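Some notes on the structure that comes next.
Only a predicted model underlies this, so the values are computations on that prediction, with no experimental measurement involved. Hydrogens, waters and symmetry mates are skipped; everything else that's a heavy atom, side chains included, is used. Reminder, nothing fancy here: chain letters follow the sequence lines and each chain counts from 1.
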Number of protein chains: 2
Amino acid sequence: MLPLLFIRKFIMSVSSNHLTIKDIAKLSGVSKSTVSRVINHDPMVKESTRNKVMAIIEQYQFTPSKSARAMRGYGNKVIGIIVTRLDSMSENQAVRCMLPIFYEHDYDPIIMESQFKVEKVQEHLSMLKEKQADGVVIFAFTGLDNNVLSFWQNKSVIMARSYPDYNCVCYDDIGAVTQLLHHLHLTKKHQKIAYIGVEEQDQTTGAVRYQAYLAFCQRYNIIPHAYLGKLSFLSGYDLAPLVLASAPTAIVCATEAIALGLNKYLYEKQLNHIVVASVGNSELLNFLFPQTLFIELGFDKAGTYAANKLIAMLQKVTDFNAIAKTMTIPSQLNHSSS
Amino acid sequence: MLPLLFIRKFIMSVSSNHLTIKDIAKLSGVSKSTVSRVINHDPMVKESTRNKVMAIIEQYQFTPSKSARAMRGYGNKVIGIIVTRLDSMSENQAVRCMLPIFYEHDYDPIIMESQFKVEKVQEHLSMLKEKQADGVVIFAFTGLDNNVLSFWQNKSVIMARSYPDYNCVCYDDIGAVTQLLHHLHLTKKHQKIAYIGVEEQDQTTGAVRYQAYLAFCQRYNIIPHAYLGKLSFLSGYDLAPLVLASAPTAIVCATEAIALGLNKYLYEKQLNHIVVASVGNSELLNFLFPQTLFIELGFDKAGTYAANKLIAMLQKVTDFNAIAKTMTIPSQLNHSSS
DNA sequence: TTGTACGCGTTATCAT
DNA sequence: ATGATAACGCGTACAA
């Protein structure tokens, strides 16, 4: 009786058009190893044979099996991108800049959602580890501590927050708020500038931006009037009457969502003499309330930088003397309405 | 001289804590084959041995190497999701419902952007083919024809548009517009209902919804007043004065973006007696103009359905008699403001 | 410079 | 019911 194995093999060799390194070897009259060497750019192959093999590879559109080389420890050419929420405008902008760069370098980005949960990050990370992903981009959030990330130390870029010994890409929260205030106070001569922010539990959007406001006030002798709430339109709307009690001529908002809420309130009350300034911008804010002054945190630049950085990291085989650094993306003031 | 291979092997066996099926076999006193059988739920293993092996697997938190089993032709457990734009609110909502379902079944979803370009879809698709992805979800758009998709015929779900011989999940554009009009005309007794839509080049959002409006008008003897523009806030804002010329008491908008633009215009002109109705909703529309009547197309339900459908398709080994069907997700009218 | 032989972790076939 | 062994496609130490 003929073993089934042989039958299957025969069928395969006829019907399946999936070429392997072996087939290429046969077709170009060399051994598997040589083909492998050609593929991996081994300098020890003769020019002539290389050309010969390359020709066959091109002709048959051969691509080595990803799974097989993954098994040999070559990495899957996979990069995980863990965002907090898929519908976060800011992260979206950054991610959209990353994707083409990863594609360019033949990496397959796989996007996952943490929903601000540490356990989700852990889950995704172990999934990626199993899959032998090559690198990760993680959008950090309040509560995420670095011990979860240790395995990825030299193959990850952390966004929006700075961790020691990790490569991070941060936004210039302090600079953004300061520039906004600088423009309002020094250029536009506003004296009474209030602030609506986010609770200090949130490190960057909350605490840092608020502190920047306080610091500026102290330096320029402005009496601070600040209210902190949640990260939503509603919060901006609800805090509006409170902050107006101090009769400000300008109000700085920690986020564009808050600015949207505030603007709605001001519009309803016909208080259109008050200048609204916001960290961050959106198409909608710009459309609905075009007079709003805003400063871009540079999510697109951050995304581009992060992707390039990660790829550079992964290309170094062993980077002993590569120091993990935090890059701060400079903010850019919107001058169209100034 | 000791071959390097052995040295490496020795080092690996000591330092690397990565367990393989072999190690589990050794630890539980059986052969690799039996462990494999346990993993793959082969009914031919004795209860006692299964429990023994399972215990070891649990204890050591063993997970079979994805790459290795992928090489054995088990599929990569990868599903491609091709969205048009990463920041499309509607697609986002659908995708967010899909992800947990795919994770649940141990599939790795990889999200890609087509940017409404056919060539991008092609590019992504061939990348996924190379990667031996198991299935695809594609968000269709005007201009995408099915000959690009032929390879994926029985392993894909197409969103938002119906193709013969493919499994599709569509939104009930006609039903949505009709329900909206039904409510306005029959329940709220509006007689003059105008429409702002999208150019008919866009099949679903443009043509279909517009036709539904016209059909309703004809049936109920309403004089149609419609203007078609682009898919943006600005279009809604710009077309507002034109559509107001017919002195309508209610205006139906093809999208929430248009509704947003229209609302802005009406608010500025203090025309708050006019009822705005919209297909689709967003947190923002709801917050800024809560009196807007809207109908949900059910993106979340569509996402959930699509994901489950795809997984069901992939589980059937050979589905000869499975007929490709188009599922239409029912719309749901918002009754909070009725 | 190239070919041979083996190993990676898993599953399938065949023999016990 | 279980074990031994040959594949899968690829990379690489070693011999030639």
Side-chain angles (χ1 to χ4, degrees), chain A residues 1-13 16 18-26 28-53 57 60 62-77 130-132, chain B residues 1-13 16 18-26 28-53 57 60 62-77 130-132:
Chain A
M1 174 194 141
L2 206 58
L4 271 182
L5 204 56
F6 289 167
I7 297 179
R8 209 191 82 205
K9 202 174 170 183
F10 176 73
I11 293 175
M12 290 292 282
S13 75
S16 175
H18 199 81
L19 294 179
T20 78
I21 196 174
K22 207 184 209 163
D23 301 314
I24 301 297
K26 220 166 285 175
S28 41
V30 295
S31 75
K32 297 188 301 179
S33 348
T34 306
V35 178
S36 178
R37 288 188 183 102
V38 171
I39 292 170
N40 298 311
H41 305 102
D42 189 320
M44 292 301 153
V45 312
K46 212 201 297 177
E47 245 340 89
S48 60
T49 42
R50 147 162 297 132
N51 294 134
K52 194 168 53 183
V53 174
I57 289 181
Y60 287 86
F62 166 76
T63 356
S65 152
K66 306 252 180 192
S67 3
R69 45 176 25 207
M71 212 183 62
R72 297 294 299 136
Y74 250 55
N76 242 338
K77 282 277 193 181
E130 232 179 64
K131 229 190 134 51
Q132 294 165 253
Chain B
M1 173 195 143
L2 206 57
L4 269 183
L5 204 55
F6 291 167
I7 298 179
R8 209 190 82 204
K9 205 173 168 184
F10 177 73
I11 293 174
M12 289 292 282
S13 75
S16 175
H18 199 81
L19 294 178
T20 78
I21 196 174
K22 208 181 203 164
D23 301 313
I24 301 298
K26 219 167 285 176
S28 39
V30 296
S31 74
K32 297 190 298 180
S33 332
T34 304
V35 178
S36 178
R37 288 189 183 100
V38 171
I39 293 169
N40 298 311
H41 306 101
D42 188 320
M44 292 301 151
V45 319
K46 213 201 298 177
E47 246 339 270
S48 60
T49 42
R50 146 161 299 133
N51 293 135
K52 194 168 54 183
V53 174
I57 289 181
Y60 286 88
F62 165 77
T63 356
S65 152
K66 302 253 180 191
S67 1
R69 47 175 25 200
M71 211 184 64
R72 293 292 310 161
Y74 251 54
N76 246 335
K77 283 278 194 179
E130 232 178 62
K131 228 188 135 51
Q132 297 164 251

**Asked** Which pair of non-hydrogen atoms, one from A:Arg37 and one from A:Arg50, has the smallest distance, and what is that distance?
**Response** O-NH2, 4.4 Å
**Between D:dA6 (C1') and B:Lys22 (NZ): distance, integer Å** = 14 Å
**Message:** Given 3.5 Å as the limit, does a donor-acceptor pair link the side chain of A:Ser36 with the main chain of A:Lys32, or not?
**Reply:** no
**Request:** Report the distance from atom CG of B:Asn51 to atom OG of B:Ser28, rounding to the nearest 0.5 Å.
**Result:** 12.0 Å
**Presence of A:Thr34 side-chain N/O under 4.0 Å of C:dG3 phosphate oxygens OP1/OP2** = yes
**Asked** Once you round it to whole Å, what is the distance between P of C:dG7 and CG of B:Asp23?
**Response** 16 Å
**Fill in**
For A:Phe62 and A:Ile39, the nearest pair of non-hydrogen atoms, with its separation, is CE2-CD1, 3.6 Å
**Item:** From D:dT5, C:dT4, C:dT10, nucleotide with atom closest to B:Phe62 side chain
**Value:** C:dT10
**Asked** How would you label the contact of B:Ser65 with the nucleic acid (heavy atoms, under 4.0 Å): base, sugar-phosphate, or nothing?
**Response** sugar-phosphate
**Prompt:** Which of these nucleotides, C:dG3, D:dG11, C:dT10, is closest to any side-chain atom of B:Ala68?
**Reply:** C:dT10
**Any B:Arg69 side-chain N or O less than 4.0 Å from OP1/OP2 of C:dT11** = yes
**Request:** Would you give the length of the straight line joining atom CD1 of A:Ile21 to atom OG1 of A:Thr34, rounded to the nearest 0.5 angstrom?
**Result:** 9.5 Å
**Asked** Looking only at N and O atoms, is any donor in the side chain of A:Thr49 or the base of C:dT1 less than 3.5 Å from an acceptor on the other one?
**Response** no
**Fill in**
The correct set of residues in residues 35-48 of chain A placing a heavy atom under 4.0 Å from DNA chain D is A:Ser36, A:Arg37, A:Asn40
**Fill in**
B:Ile21 CD1 to C:dA12 C1', in whole Å, measures 12 Å
**Item:** Closest contact, heavy atoms only, A:Ser31 versus A:Ala25
**Value:** C-CB, 3.6 Å
**Request:** I would like to know whether B:Asn40 and B:Arg69 meet side-chain contact (heavy atoms from CB on, under 4.5 Å); could you show each step before the answer?
**Result:** CA-CA 11 Å; B:Asn40 298 311; B:Arg69 47 175 25 200; 2.9 Å; yes
**Asked** OP1, OP2 of C:dT4 versus side-chain N and O of A:Ser31: anything below 4.0 Å?
**Response** no
**Request:** Measure from CD1 on A:Ile57 to C1' on D:dG9 and round the result to the nearest Å.
**Result:** 14 Å
**Fill in**
When rounded to whole Å, the NZ to P distance for the pair B:Lys32 and D:dA1 reads 22 Å
